[in-house]
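Each ligand, and each atom within it, is numbered from 1 in the order the structure gives.
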Amino acid sequence: MKKILIAGNWKMNLDISESVSLGEDIKDFAFKKDLKCGVLVCPPAINIVPVLNSVIDSDVKVGAQNCYFENKGAYTGEIAPCMIKATGAEYVIIGHSERRAYFGENNNLLNKKLKAVLAEGLKAILCIGETLEERKNRKTFEVLENQLKEGLAGVDESISENIIIAYEPVWAIGTGEAATNDQVDEAHRKIRAFLKELFPNKAKEVLILYGGSMKPDNAAELLAIEDVNGGLIGGASLKADSFIKLIEIAEDILS
Ligand code: PEP
């Protein structure tokens, strides 16, 4: 049966009161509903605790956007997986293309972060995706395979239920132009095939999210694609109306 996770990546947006207000609006919608899809919001780390409080008693989950791979020590400015876990947050986004591009995070570092997240019993959302240049040079699948193989190196398939992959073509993030349905279908099928090589018995169950300008206008078609198990959503997750609409679209598909 199809599973869908609607995940909001708030990036470096929304101060504490805006974050709490958005959390409350989402909770008001989700509260006491038996939602079939999963709902996750990932605020800036400093707002994780207030957002957790704002969605308390609902099925809305909260995650972090990044972490370090050590659990304590002299790493000024970093946040440890165990600290994220202690807040009650359950997910961590790893390797968003903005972390790769602006903060120089490579597959080797991301593999360490992913393992540290999994070791805490948290769920890791590993982001992969090609740049426009890589797509133009027909390198898309090579890039995706490499990011998956190196990002998931040494991870046992027994823990794969805590791994989520987000396919985010870099050229579609924040541009308003999502990938076409065919491009998404093709990429997600390939990703599922690469996952089968890594997790022969569990690949079918790994959630593969699409990210890149998903919004209420295009979500119904994107979420209906067979190997799409949800969305990682930036811009459209910052307003209650559009995020709730995305949840409603997912619910329609699952009902
Ligand atoms: C993202 O930040 O992961 C993202 C997909 O952003 P947007 O939805 O704004 O393209």
### Message
Can you tell whether the side chains of E90 and K85 come within less than 4.0 Å, N to carboxylate O?
### Response
no
#### Entry: Sub-4.0 Å heavy-atom environment of ligand 1, residues by chain
N9, K11, H96, E168, A172, I173, G174, G211, G212, S213, L232, I233, G234, G235
### Query
Hey, is K11 close enough to E98 for a salt bridge, meaning N to O under 4.0 Å?
yes
### Query
Can a salt bridge be assigned to the pair K245 and D241 using a cut-off of 4.0 Å between side-chain N and carboxylate O?
no
### Task
Could you pull out the closest heavy-atom pair between L238 and L22, with the gap in Å?
O-CD2, 3.7 Å
#### Entry: With sequence neighbours excluded, residues passing salt bridge (charged side-chain N to carboxylate O under 4.0 Å, His left out) with E105
R99, K113
### Query
Are D227 and R192 within salt-bridge range, i.e. N to O under 4.0 Å?
yes
